[in-house]
Amino acid sequence: MKPVALVPVYNHAAKVGAVAQALRDLMLPVILIDDGSDAECAAALDTLATAPTTSLLRLHKNSGKGSAVIMGLREAHKIGYSHALQLDADGQHDAAVLPMFLEAMLETPQAVIVGFPQYDADVPTSRLFGRYATHIWVWINTLSRRIRDSMCGLRIYPLAATLPVLDTMPSISRMEFDTEILVRLDWAGVPIQNLPVPVSYPQDGISHFRLLRDNARISWMHTRLFFGMLRRLPMLLGRHFSRHG
């Protein structure tokens, strides 16, 4: 297996350096994807990309996290990597769990390894309620609880299984991508393995979530997936009963 780390970045100049270093400490090559960041962050990424085993892809205008991750996944597959570890650039995920994720990848290389957050006391209550609504829709749209948390920005994709699913997806550019790709991978029969990851919300953290725009996109995504689930209902029911029969 040949894993690579993907870090989508949008204006996280203060945090991304430590994230990239944590990945390099694990001897992982790193692909940074600049999603149209401002001049300060773009300059920081240019500097980071001069380090060995670190490369930089750039979207010249902000196109959304989904666009950045898709660009990274396609580039990683094109280069010849077998797995892509996606990690957010804001430093919220505890890097101490990364070896556990890589070990799980070695044990189950065909599976998507997905983090489910263990929050600290600073997590905004509104975030918890919003995530739980998405959890319920994901459980409905997969007829299962195989996906513990579809919004976590720490995961490992097996690229051979992910790219064919990606090629069948509608155009998705922003935060709803993380959820939709997992539901569609589950529909395709790709195993899902869930691992805990401590998540912190620092007081100086930067959020790019836009309440009206992103909630509208997420609502449309869940509606689209629900009708996709209905078309796959016999298959999903058959899978459920075969596993519990």
Side-chain angles (χ1 to χ4, degrees), residues 4-26 28 30-49 51 54-59 61-73 84-98 100-101 113-128 130-131 134 149-157 173-179 181-182 195-211 213-215 217-218:
V4 64
L6 304 180
V7 184
V9 189
Y10 179 53
N11 293 344
H12 285 293
K15 301 287 187 179
V16 66
V19 171
Q21 187 58 55
L23 293 164
R24 289 196 297 261
D25 288 344
L26 295 171
L28 282 172
V30 178
I31 300 176
L32 304 167
I33 309 103
D34 179 6
D35 184 22
S37 297
D38 60 23
E40 178 189 6
C41 186
L45 293 174
D46 287 336
T47 300
L48 289 171
T54 304
S55 58
L56 175 63
L57 304 176
R58 178 158 277 147
L59 292 161
K61 67 175 183 177
N62 177 245
S63 301
K65 181 182 178 182
S67 293
V69 173
I70 290 168
M71 174 183 273
L73 291 172
L85 185 155
Q86 174 190 323
L87 181 61
D88 287 349
D90 55 13
Q92 290 185 356
H93 300 103
D94 187 351
V97 304
L98 295 178
M100 177 175 65
F101 276 67
I113 315 298
V114 186
F116 63 92
Q118 310 290 291
Y119 293 108
D120 63 15
D122 294 326
V123 58
T125 303
S126 59
R127 288 289 186 92
L128 291 178
R131 292 180 85 95
T134 284
D149 188 300
S150 67
M151 303 175 76
C152 183
L154 171 56
R155 53 187 63 185
I156 299 179
Y157 293 103
S173 61
R174 296 195 178 271
M175 292 185 179
E176 71 272 25
F177 171 80
D178 279 344
T179 293
I181 185 66
L182 285 186
L195 293 178
V197 53
V199 176
S200 61
Y201 278 82
Q203 294 298 317
D204 60 348
I206 299 172
S207 173
H208 299 303
F209 188 84
R210 299 294 177 262
L211 186 65
R213 180 196 70 185
D214 289 322
N215 277 329
R217 288 176 177 273
I218 289 169

- request: Mind checking the CD1-CZ spacing from I113 to F101? Nearest 0.5 Å is all I need.
  value: 8.0 Å
task: With rounding to the nearest 0.5 Å, note down the distance linking CG in L182 to CE in M151.
output: 11.5 Å
- prompt: Under 3.5 Å, side chain of S37 to main-chain N/O of N11, donor-acceptor pair present?
  reply: yes
message: Could you tell me if the side chain of C152 sits less than 4.5 Å from the side chain of H93, heavy atoms only?
response: yes
query: Is there a side-chain contact between L154 and V97, using heavy atoms and a 4.5 Å cut-off?
result: yes
statement: salt bridge (Lys or Arg N to Asp or Glu O under 4.0 Å) filter on D88, not counting sequence neighbours, yields K65
statement: Distance col, row L73:CG vs I31:CD1, nearest 0.5 angstrom, shows 9.5 Å
Approximate separation, where rounding is to 0.5 Å, of L6 CG and L28 CG: 10.5 Å
message: Can you tell me how far apart CE (M71) and CD1 (I33) are? Round to the nearest 0.5 Å.
response: 8.5 Å
- request: Tell me, please, which residues at least two apart from Q21 pass side-chain hydrogen bond (donor to acceptor under 3.5 Å, both in side chains).
  value: R24, D25
task: Sequence neighbours left out, what passes salt bridge (Lys or Arg N to Asp or Glu O under 4.0 Å) with D46? Give chain and number order.
output: R58
- request: Could you grab the distance from atom OH of Y119 to atom CD of Q92, nearest 0.5 Å is fine?
  value: 8.5 Å
query: Which pair of heavy atoms, one from V9 and one from C41, lies closest together, and at what distance?
result: CG1-SG, 3.7 Å
statement: Tightest non-hydrogen contact, residues P196 and Q118, listed as CB-CG, 3.9 Å
- prompt: Would you call D34 and L56 a side-chain contact if the rule is heavy atoms closer than 4.5 Å?
  reply: yes
statement: Shortest non-hydrogen pair, P117 vs D149, comes out as CD-OD2, 3.2 Å
- prompt: Is any side-chain heavy atom of R155 less than 4.5 Å from a side-chain heavy atom of D178?
  reply: yes
query: Which heavy atom of L85 sits nearest a heavy atom of L23, and at what distance?
result: CD2-CD2, 4.1 Å
- line: Here the pair of heavy atoms bringing T134 nearest to S150 is CG2-OG, 3.5 Å
query: Side chain of D35, backbone of G64: donor and acceptor closer than 3.5 Å?
result: yes
- prompt: Between S63 (side chain) and K61 (backbone), is there a donor-acceptor pair under 3.5 Å?
  reply: yes
Distance-minimising heavy-atom pair for A44 and A13: CB-CB, 4.4 Å
field: Heavy-atom check, side chain of T179 versus side chain of I218, under 4.5 Å
entry: no
